[in-house]
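To keep things clear, I will list the structure first and then write my remarks on it.
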Amino acid sequence: MEKKELIKIGTVIESASNSIMIRIESDEVFEKNKQEIQIGKYLQIKEGNHNFVICVIQSIKINDESNKYIINSQPFGVFTEDFKQGSSILPSPTEEVFIISENVMSKIFSKDSNYSFKFGELIQNRDINLHINGNKFFSKHIAVVGSTGSGKSCTVAKILQDVVGINKKTNLNNGSQKNAHVIIFDIHSEYKSAFEIDSKENFNLNALDVDKLKLPYWLMNSEELESLFIESNEQNSHNQVSQFKKAVTLNKEKHNPTLKKVNYDTPVYFSIEEVYNYISNMNNEVINKIDGEDQKPKLLDDTLITDINTYFDKKLDFVTTSTAKATKASNGAFNGEFNRFLSRLETKINDKRLDFLLQPNKADGTLYKTDDFEEILKQFLGYLDKSNITIIDLSGVPFEILSITVSLISRLVFDFAFHYSKLKHSTKELNNIPFLIVCEEAHNYIPKSGGAEYKASKKSIERIAKEGRKYGLSLMVVSQRPSEVSDTIFSQCNNFVALRLTNISDQNYIKGLLPNNANSITDILPTLSAGECLIVGDATPMPAIVQMEMPDPEPKSESIKFHNQWENKWQEVTFSEVIARWWKE
């Protein structure tokens with residue numbers, strides 16, 4: 001490295017493990033290099049003959065006594081021939097401090113076989129692109145945080161467009177589709193427009209909304225079923241659970257006679273209408289008590305029920321209770337227990353908004369059953385039409401079942417990744433179709449706190465956060481309120497992309513999650529412009545502030561311009577169309 005490349009600005013006056021204090025040589029030096037002596041920019045400090053400690057400026061002040069400019073900086077690593085994060089040796093006082101040279105910058109952030117995924121332009125030097133390690137970025141869980149209007153949706157869209165090869169409305173992989181697999185939980189219907197390009201580009205987008213989504217209820221596990229149908233705070237909820245579990249298990253056995261082992265959680269077909277009949281009959285059951293006769297449920301025509309499966313067929317008429325010796329009969333164990341439970345079941349089954357879940361029909365009008373499991377699974381994984389991107393549009397999903405929907409889909413993807421990985425491991429191979437699940441507006445369904453309504457989705461996503469990487473399944477967690485998202489999930493993220501955060505509790509929360517050598521740089525988060533972001537984690541050589549390129553096409557995340565709309569002439573509304581759509585949902 002030639003000496004002429006370096007611009008000396010001062011010397012070290014104090015050195016600690018997490019902070020290096022620097023005194024600027026003179027006012028003239030400060031004024032001359034003002035553009036490079038700013039918070040968030042980098043310096044290099046001599047450490048020995050050939051080594052330099054690389055640090056970032058945290059704060060700048062004037063010392064009251066000496067009237068000299070003082071810089072407080074944080075060290076990130078050491079540069080010799082290349083850059084290494086961390087350092088056990090720190091510069092001593094009197095060591096010389098320089099503006100970081102373009103040569104060093106380009107070597108730290110240059111593209112190579114490991115750092116090959118272009119992320120954005122360095123704010124420090126717009127001529128240098130930050131390249132990150134794509135393997136470490138996408139395989140070790142990502143958190144993307146930023147306040148409303150910071151450019152969060154555009155940042156996510158741009159990252160994913162680069163992954164699948166969309167640039168300026170063209171498909172860079174036209175004719176040679178790559179093996180990328182991304183599933184987006186899109187809660188505000190923003191991302192479809194970011195991946196819709198001209199048909200001649202041959203890019204298949206798998207966009208599933210409530211009209212296209214087929215998610216049969218029989219795929220739910222015990223927790224999801226009970227969350228949907230049972231009120232846990234009711235006095236007799238334990239009886240509801242026990243009889244519902246029995247009914248579901250028996251009905252699965254009835255409809256899947258060729259399967260040897262069927263339990264409550266086995267993802268095979270059962271009829272929710274038949275389960276309703278079963279619970280209804282248990283609720284009206286009357287037991288024969290005549291001496292010398294079997295004490296079994298008795299119907300109005302004096303028939304004794306010997307096969308419990310009869311309860312699935314229809315609602316039965318039981319005899320009335322009696323204390324007379326000749327007609328003696330008494331209520332069954334659960335007679336009258338399930339009135340509210342049955343009312344809730346009936347309401348759910350007839351709720352048209354839940355048709356994608358409780359009445360999911362195939363194109364020919366028939367129900368999805370066990371044999372259709374493969375088709376249902378392919379729907380979410382993009383294998384029906386070879387789609388790199390699958391968007392699950394949750395905007396039309398009723399809020400009360402949002403958690404269940406997210407839980408069910410993410411659990412199915414996890415189970416697929418688990419079993420596929422195990423098959424590959426049996427032949428000494430690794431999973432060759434890893435998936436990334438993008439949780440947009442994550443605080444809405446995997447919150448830090450909340451009631452039973454969030455239990456299912458939190459359990460499924462937290463399982464992916466803790467175990468998914470072993471089976472080729474990673475997360476990108478996106479939120480404008482990171483302090484309200486599950487701690488378990490964020491604690492598993494190894495890469496953070498932080499845009500402007502204005503809420504002080506969110507700033508402090510993110511600061512606490514970052515590694516010690518990077519948390520102080522979060523002080524810059526409130527001052528970032530739209531599209532500027534701080535990237536920290538395993539995938540980047542060192543924490544960097546970059547300007548993201550705008551995605552093209554863009555997601556529909558732009559806020560409505562209230563004042564501009566109010567300045568226009570009065571707009572008429574066809575209320576009948578709005579109401580028709582309202583009633584349809």
So that I can tick it off, tell me whether R411 and E224 are bridged by a salt bridge, with the cut-off set at under 4.0 angstrom between side-chain N and carboxylate O. yes

Would you call the rings of H255 and Y269 parallel, tilted or perpendicular, taking 30° and 60° as the class edges? perpendicular

CG-NZ distance between L367 and K214, expressed to the nearest 0.5 angstrom: 11.0 Å

Do L381 and H181 have side chains that get closer than 4.5 Å, going by heavy atoms? no

Measure across H141 and Q492 and return the closest heavy-atom pair with its distance rounded to 0.1 Å. CD2-O, 3.5 Å

Would you indicate whether the side-chain heavy atoms of L473 and F418 approach each other to under 4.5 Å? no

Under 4.5 Å between any side-chain heavy atoms of F138 and V163, yes or no? yes

Using 30° and 60° as the class limits, which term best fits the ring planes of F341 and F338: parallel, tilted or perpendicular? perpendicular

Do N206 and D385 meet the criterion of a side-chain donor-acceptor pair at a distance under 3.5 Å? no

Atom CG in N284, atom CG in N335: separation rounded to 0.5 Å? 6.5 Å

Side-chain heavy-atom pair I409, F185 within 4.5 angstrom cut-off: yes

In terms of side-chain heavy atoms, does S280 have a donor or acceptor partner in N283 at a distance below 3.5 Å? no

Does atom NZ (K328) have a neighbourhood of more than 12 heavy atoms from anything else shown, all under 6.0 Å? no

Can you tell me how far the CD1 atom of I489 sits from the NZ atom of K458, to the nearest 0.5 Å? 8.0 Å

What's the separation between atom CG in L215 and atom CG in D355, rounded to the nearest 0.5 Å? 13.0 Å

Thinking salt bridges, do K169 and D198 make one under a 4.0 Å N-O criterion? no

Under 3.5 Å, is there a donor on one side chain and an acceptor on the other for Y311 and N251? no

Spatial distance of atom CG (L513) from atom CG (D487) [nearest 0.5 Å]: 7.5 Å

When F270 is tested against each of W218, Y264, Y217 for ring pair (Phe, Tyr, Trp, His ring centres under 6.0 Å), which residue passes? Y217

Go through the side-chain N and O atoms of Y471 and D415 and say whether any donor and acceptor fall under 3.5 Å apart. no

Is the F380-F416 ring centre distance short of 6.0 angstrom? no

Are there more than 12 heavy atoms of other residues, nucleotides or ligands under 6.0 Å from atom NZ of K362? yes

Rounded to the nearest 0.5 Å, what separates atom CG in D538 from atom NZ in K136? 6.0 Å

F203 vs F195 aromatic rings, parallel, tilted or perpendicular, using cut-offs 30° and 60°? parallel

So do K246 and V241 actually touch side chain to side chain, heavy atoms under 4.5 Å? no

Please say whether more than 12 non-hydrogen atoms of neighbouring residues, nucleotides or ligands are located less than 6.0 Å from NZ in K140. yes

Applying side chain to side chain contact (heavy atoms under 4.5 Å, CB included), run through V406 and S460 and close with a yes or a no. CA-CA 8 Å; V406 170; S460 292; over 6 Å; no

Does a sphere of radius 6.0 Å around CD in E429 hold more than 12 heavy atoms from other residues, nucleotides or ligands, not counting ones at 6.0 Å or beyond? yes

Under the side chain to side chain donor-acceptor pair (under 3.5 Å) criterion, do D393 and S189 qualify, and how do the steps go? CA-CA 6 Å; D393 185 347; S189 194; 3.0 Å; yes

Does any non-hydrogen side-chain atom of K212 lie less than 4.5 Å from one of D209? yes

S222 side chain to D265 side chain, donor-acceptor N/O pair below 3.5 angstrom: yes

K556 side chain near H188 side chain, heavy-atom distance below 4.5 Å: no

Please examine the side chains of I389 and Y191, heavy atoms only from C-beta on, and report whether any two atoms are closer than 4.5 Å. no

How far apart are the C-alpha atoms of T310 and D313, what are their side-chain angles, what is the distance that settles it, and do they pass the side chain to side chain donor-acceptor pair (under 3.5 Å) test? CA-CA 6 Å; T310 307; D313 298 338; 5.1 Å; no

